[in-house]
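Note on naming: letters A, B, ... go to the chains in the order of the sequence lines (proteins, then strands), and numbering restarts at 1 for each one. No experiment lies behind these values; they were computed from the predicted model shown.
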Amino acid sequence: MAKNIDVNLINHIVNTYSDTILRISYQYTKSVYDAQDIAQDVFLAVMQKDISSLSEEKLKAYIIRATINKSNDFHRRRTRRKVVSLEDVEPVFTTEEQSVLDEVNRLPEKYRNVIYLHYYEGYKVNEIADILGVKPSTVSSQLNRARAKLKDILTEERYENI
Amino acid sequence: MKTYKNAINKIKASESFKAQTAEMLVCQQANKKKFRFAPVAAIAASLAVVIALGAVFFPMSKENKSFVITANAAELNDNSFTTIGELPANNWRADVEKNEIYVIADFTLEVKGENIKNITYTIDNGAFAVPDNNDKLILTKQADKNVCVPKRENKSFYSEITAKYNNQIDTTNDNVEIVFNPAKIDKDIILIAERYGKFADVWVYDTEAEKLNNYQKTTEEFFSGAVKDCRIKVQAEYSDGTIETQRLTYNADVKLYTEPLTFHTKNGDETRNVYIAKVNLKAKLA
């Protein structure tokens, strides 16, 4: 009997979540190639689970958590994918963008993640708490401390425009 | 946070990365095997034949061995390699820059004998991965820092572990793994890892005979190269305080087989034959 592979599901997951995974893991690795390595590990882990019953919201939360865990465990290695496409180049940031990213990346890892989830993904404090498996008060305090640190580091004008 | 968002927006997955990743996931789904292997009827039947023939032509000198070692219910002998299970074909890593390779398999060893109190396993060119919440094993020696091991959540790595004979490691419940490392990484084996990776990416679509022969040969060279240097010393401590030791060595071979797969695409269902590599892990007493 033939096995069934749901190519549509695979394409949907890869197309929907690749950017999110890369954005989180890039902040750990600072390298597109290594971030892609982590992304493929995350997808492999996701496909090992029975995801058919998960809502998109729960699936995304699971993927974010898995990406943070895999990024924390990251060490330089090669996977079976050897060819790097010409499209897979490092992103080109403006001086200002690079400067802001550098400052955010200097924050402790937990602060960086809440900054990303709140300001880029648009999650509320309770939602971030659910994703990361911590208390909402922890998320609030991490966000406040992150903002305070960024305010200390950046000039007032740059902080307003961050 | 406008500048921050603009910067993050520039981090995107390319279309080629997405296509390659989707293809990899399709291959993985096609080749998915249970990580915890149990002897299926075909393997058990062939093992019975091997052991029976072995007993006729190469009788084990049991008078010199007080205990026997089994792996996945197959009794090991010192005359020939016994297939003890299947290696998940994607449970390996090669780091070209660090010259490191590892392959992982479930720990399935068991000792059978009389008046045995404890069994100690010691590994060279590898490590045992043990869950941190283990309360069964006595963990006598941590793995050397130079050993190449995967990152495993909630597990630590040891070069020596001891189990009580009456409470041995359970394959299903204890989640202990063996990590195999080659003793020395030749440039050739790293090149093989790269070639194997390349074949694994394209095998679904490739039916040319020459490439298939290369795929089988390449896969076998890689896996056998990765496991062959690993040695496990099995030491049984008896109730009277005496100790007996046996040693294991490993190998791997690869069989290619075809299987029909149905792909559900937006243009409808399409069935193709794909070629899948089955990696058999083997062991014998050294």
Flag the pair A:Q36 / B:T21 as yes when at least one side-chain heavy-atom distance between them is below 4.5 Å, and no otherwise.
no
Kindly compute the distance separating CG (B:L25) from CD1 (A:I13), expressed to the nearest 0.5 Å.
8.0 Å
Determine, step by step, whether A:L101 and B:I8 satisfy the side-chain contact (heavy atoms from CB on, under 4.5 Å) criterion, reporting the C-alpha distance in whole Å, the side-chain angles of both residues, the deciding distance to 0.1 Å, and the verdict.
CA-CA 8 Å; A:L101 274 183; B:I8 298 291; 4.0 Å; yes
Is it true that, when you exclude B:Q142 itself, more than 12 heavy atoms of the residues, nucleotides or ligands shown sit nearer than 6.0 Å to its CD?
no
A:D19 side chain vs B:K12 backbone, donor-acceptor pair below 3.5 Å
no
Could you tell me which portion of A:V92 (side chain, backbone, both or neither) has an atom closer than 4.5 angstrom to a non-hydrogen atom of chain B?
backbone
Heavy-atom closest pair (B:A22 atom, A:N11 atom, distance to 0.1 Å) is CB-OD1, 3.5 Å
Is A:L9 close to chain B through its backbone or its side chain, or both, or neither, when contacts mean heavy atoms under 4.5 Å?
neither
Residues B:K18 and A:S18: closest non-hydrogen pair is CG-OG, 3.9 Å
Atom of A:P91, atom of B:K10 and distance for their closest heavy-atom approach
CB-O, 3.6 Å
Per-residue contact mode, A:Q98 against chain B (heavy atom under 4.5 angstrom):
neither
Might you work through the side-chain contact (heavy atoms from CB on, under 4.5 Å) test for A:R23 and B:N9, ending with a clear yes or no?
CA-CA 8 Å; A:R23 283 163 183 158; B:N9 273 339; 4.3 Å; yes
The test is side-chain contact (heavy atoms from CB on, under 4.5 Å); show your working for A:V100 and B:K2 and say whether it passes.
CA-CA 10 Å; A:V100 166; B:K2 189 177 149 198; over 6 Å; no
Could you tell me which portion of A:T20 (side chain, backbone, both or neither) has an atom closer than 4.5 angstrom to a non-hydrogen atom of chain B?
neither
If you tally heavy-atom pairs under 4.5 Å against chain B, which of A:Y116, A:Y120, A:F93, A:Y26 wins?
A:Y120
Which atoms of A:F43 come close to chain B, meaning under 4.5 Å heavy atom to heavy atom: side chain ones, backbone ones, both, or neither?
both
To the nearest 0.5 Å, what is the distance between CD on A:E121 and NZ on B:K5?
10.5 Å
Residues, nucleotides or ligands: over 12 heavy atoms within 6.0 Å of B:K141 NZ:
no
Would you check if A:V32 and B:F17 make a side-chain contact, meaning some heavy-atom pair closer than 4.5 Å?
no
